[in-house]
There are 2 protein chains.
Amino acid sequence: MPNLVPTPEFVSYRDVKATVLQRIQEKIWAPDTILPSEVDLALEFSCTRTTVNRAMRELADEGYIERKRKVGTRVLKSPTRHARFAISLVREEIEARGSTYRYALSTCAQIVAPDWLRARLNLSDGQPVVHVTCMHYADNEPFQYEDRWINIASVPWVVDADFNTLGPNEWLVNEVPFTDIEMSFSAVNLAADIADFLGSAPGDASFVAQRTTWLKGDVVTFVNLYHTSGYRMSTRY
Amino acid sequence: MPNLVPTPEFVSYRDVKATVLQRIQEKIWAPDTILPSEVDLALEFSCTRTTVNRAMRELADEGYIERKRKVGTRVLKSPTRHARFAISLVREEIEARGSTYRYALSTCAQIVAPDWLRARLNLSDGQPVVHVTCMHYADNEPFQYEDRWINIASVPWVVDADFNTLGPNEWLVNEVPFTDIEMSFSAVNLAADIADFLGSAPGDASFVAQRTTWLKGDVVTFVNLYHTSGYRMSTRY
DNA sequence: CAGTGGTCTAGACCACACA
DNA sequence: GTGTGGTCTAGACCACTGC
């Protein structure tokens with residue numbers, strides 16, 4: 001009787017990856033150990049070096065091992081693993097929770113970049129920017145307060161944009177490509193005015209995401225996103 | 001005279017990747033567009049399908065495109081990009097900043113898991129855990145307050161561990177492998193006792209990292225890491 | 001059924017980095 | 001020099017999925 005779930009007669013890179021990972025986790029190959037070369041592993045697993053290579057490359061991407069030509073593949077200590085967070089639009093984040101999204105513009109003005117912003121974004125003197133503040137609601141409950149600055153020099157047509165119905169984040173995603181992003185997260189005590197928008201008390205802890213976006217070396221936008229207390233950013237891996 | 005920097009006579013997957021990415025960013029291939037098949041791209045770039053495949057696979061990993069058999073490769077809207085954060089030991093994080101690390105144990109006790117912890121970690125009734133609280137300093141300034149729970153059932157020998165000189169995080173990294181991690185970040189107003197440890201005022205906003213670690217389905221440890229105000233977690237990509 | 005991506009093989013040349 | 005990983009070619013079979 002033939003096998004109903006036939007075993008493939010070849011060895012997948014997944015098999016190699018799983019086996020190697022298991023040996024690392026069971027400390028059969030402890031940190032700092034140099035693993036057998038790809039050729040040797042290919043012999044052991046009866047597959048080609050290409051297959052071993054893909055397995056090892058992925059393990060390296062995931063932070064388990066480090067590879068160097070001539071030296072070989074070394075097992076890393078205290079695995080420098082990486083957490084990944086999906087960066088999405090607020091609207092998508094809210095809708096993904098099954099809530100209804102609502103947007104409301106607060107202020108929108110064209111001004112000369114203040115000193116602290118000039119310094120932070122490396123702008124030249126007297127450079128004009130668009131400053132937008134707005135709110136994002138989930139099921140009509142405050143969710144996020146957005147405080148955004150857009151560099152007019154890199155997106156001249158922003159001066160004609162209408163942020164009354166469409167949020168500046170969605171507008172930017174549609175209008176401007178970007179090449180680099182810097183994000184940082186921190187916790188602050190809310191100032192009275194922002195707390196008011198968020199329906200919180202002044203001094204309440206707020207999770208703040210700060211993001212700067214570049215297009216080929218030129219700053220496009222800088223934004224502070226203040227969340228209501230209780231907000232939580234999660235990932236599993 | 002021969003070319004001093006000879007151009008390779010083959011096409012690298014990097015070339016393909018860069019070109020495709022550029023076309024996506026310039027909206028030559030707008031969101032929802034179905035890209036040419038791998039075979040067609042291979043023809044266009046005069047390379048093998050293997051090479052095109054690697055380029056496209058990486059673009060898919062990075063969240064620019066989505067691939068489905070038979071359907072083809074589709075450009076994603078508002079690129080769901082991912083931010084990556086390196087998860088390291090506090091000690092390594094502090095030393096990477098060029099500061100001197102110091103550790104101090106606060107409390108260490110073996111108790112029965114309280115209800116909220118049982119519920120959160122899915123432990124059975126009356127299960128014992130080790131509860132450790134300790135401080136991490138950078139250049140003798142408070143940096144992080146650690147509040148950790150370790151499941152004795154999954155690491156029985158933890159009862160013999162000595163956390164007076166070695167922090168529980170380093171001990172765990174050395175002793176126990178793990179297969180899954182869930183992390184979440186939030187902002188809280190510090191309680192008086194923890195604020196005291198951190199040299200902050202009660203109510204100050206603190207960036208909190210919360211992490212649960214599993215080994216093949218069994219919870220190993222759960223930890224709350226409270227940071228001093230001003231702490232910032234950053235990444236660039 | 002037919003077209004797309006997913007993957008493996010077999011072989012090759014090259015770049016890097018240590019001795 | 002020499003051994004390691006990095007990558008490409010050429011060809012093949014397969015799995016999924018929409019028609």
Side-chain angles (χ1 to χ4, degrees), chain A residues 2-21 23-24 29 31-76 80, chain B residues 2-21 23-24 29 31-76 80:
Chain A
N3 209 330
L4 289 180
V5 180
T7 315
E9 64 290 343
F10 56 81
V11 175
S12 164
Y13 77 94
R14 287 171 220 265
D15 302 335
V16 178
K17 188 176 169 186
T19 306
V20 172
L21 182 53
R23 290 185 190 166
I24 289 174
W29 285 332
D32 267 340
T33 306
I34 298 289
L35 301 188
S37 74
E38 293 193 350
V39 179
D40 291 345
L41 287 172
L43 282 172
E44 179 193 338
F45 289 103
S46 309
C47 65
T48 53
R49 193 165 77 84
T50 314
T51 302
V52 172
N53 182 272
R54 175 155 182 198
M56 304 302 270
R57 180 154 33 85
E58 293 198 356
L59 286 173
D61 281 347
E62 290 164 25
Y64 292 102
I65 57 182
E66 183 185 54
R67 325 191 71 199
K68 249 190 231 158
R69 280 154 154 141
K70 167 72 179 176
V71 180
T73 300
R74 195 170 58 85
V75 179
L76 292 177
T80 302
Chain B
N3 209 330
L4 290 180
V5 180
T7 313
E9 64 290 344
F10 57 81
V11 175
S12 164
Y13 78 94
R14 287 169 217 268
D15 303 335
V16 179
K17 189 177 168 185
T19 305
V20 171
L21 182 53
R23 289 184 190 167
I24 289 174
W29 285 331
D32 267 341
T33 305
I34 297 290
L35 267 47
S37 75
E38 293 193 350
V39 179
D40 291 345
L41 287 173
L43 282 172
E44 180 193 336
F45 290 103
S46 309
C47 64
T48 54
R49 193 164 77 85
T50 314
T51 301
V52 172
N53 182 272
R54 174 154 182 197
M56 303 301 269
R57 180 154 33 84
E58 293 198 357
L59 287 172
D61 281 346
E62 291 164 25
Y64 292 103
I65 57 181
E66 183 185 55
R67 324 192 71 199
K68 247 188 235 161
R69 282 157 156 139
K70 167 73 180 178
V71 179
T73 301
R74 195 171 58 86
V75 179
L76 292 177
T80 303

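Just so it is clear, the structure is predicted and the values come from calculations on it, not from any experiment.
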dT4(C) phosphate, OP1 or OP2, under 4.0 Å from Arg67(B) side-chain N/O: no

Whole-Å distance separating the NZ atom of Lys70(B) from the P atom of dC1(C): 13 Å

Worked check of salt bridge (charged side-chain N to carboxylate O under 4.0 Å, His left out) between Glu62(B) and Lys17(B): CA-CA 11 Å; Glu62(B) 291 164 25; Lys17(B) 189 177 168 185; 2.9 Å; yes

Closest heavy-atom pair and its distance - Arg67(B), Asn53(B): NH1-ND2, 3.8 Å

Distance, rounded to the nearest Å, where Arg14(B) contributes CZ and dC8(D) contributes P: 8 Å

Contact under 4.0 Å: Asn53(B) side-chain N or O vs dG6(C) OP1/OP2: yes

Polar side-chain atom of Thr19(B) near backbone of Asp15(B) as donor-acceptor pair, under 3.5 Å: yes

Nearest-angstrom distance from the residue atom CG of Asp15(A) to C1' of dC8(C): 12 Å

Short side-chain N/O contact from Thr51(B) to OP1 or OP2 of dT7(D), under 4.0 Å: no

Selection from dG5(D), dT9(D), dG5(C) that lies nearest to any side-chain heavy atom of Arg69(B): dG5(C)

Base of dT7(D) paired with side chain of Arg49(A) (donor-acceptor, under 3.5 Å): yes

CA sep, side-chain torsions, deciding dist, call: Arg49(A), Glu44(A), salt bridge (charged side-chain N to carboxylate O under 4.0 Å, His left out): CA-CA 11 Å; Arg49(A) 193 165 77 84; Glu44(A) 179 193 338; over 6 Å; no

Nearest-nucleotide comparison on DNA chain C, the residue closer to the 5′ end among Lys68(B) and Ser46(A): Lys68(B)

Whole-Å distance separating the CZ atom of Arg54(A) from the P atom of dC8(D): 14 Å

Protein-nucleotide distance (Phe45(B), atom CZ; dT7(D), atom P), rounded to Å: 18 Å

Closest to the Thr73(B) side chain, choosing from dC18(C), dG5(C), dG6(D): dG5(C)

Arg57(B) CZ - dT7(C) P separation (whole Å): 7 Å

Base-pair map of DNA chain C as dot-bracket, where | denotes pairing with a different strand and pairs are Watson-Crick or G-U under 3.5 Å: ||||||||||||||||||.

Atom of Cys47(B), atom of Val16(B) and distance for their closest heavy-atom approach: SG-CG2, 4.3 Å

Derivation of the side-chain contact (heavy atoms from CB on, under 4.5 Å) call for Met56(B) and Ile65(B): CA-CA 8 Å; Met56(B) 303 301 269; Ile65(B) 57 181; 4.1 Å; yes

Criterion side-chain contact (heavy atoms from CB on, under 4.5 Å) on Thr51(B) and Ser12(B), from CA distance to verdict: CA-CA 7 Å; Thr51(B) 301; Ser12(B) 164; 6.0 Å; no

Between dT9(D) (P) and Leu41(B) (CG): distance, integer Å: 14 Å

Atom pair distance, as rounded to whole Å: CG in Asp40(B) and P in dG3(C): 12 Å

Phosphate OP1/OP2 of dC8(D) contacted by Tyr13(B) side-chain N/O (<4.0 Å): no

Closest listed nucleotide, where the reference is the side chain of Glu38(B) and the choices are dG5(C), dA17(C), dT7(D): dG5(C)

Thr50(A) side chain near dA10(C) phosphate (N/O to OP1/OP2, under 4.0 Å): no

Least distance between heavy atoms, Pro36(B) atom then Trp29(B) atom: CD-CZ2, 3.8 Å

Sugar-phosphate only, base, or nothing, as touched by Ser37(A) at under 4.0 Å among non-hydrogen atoms: sugar-phosphate

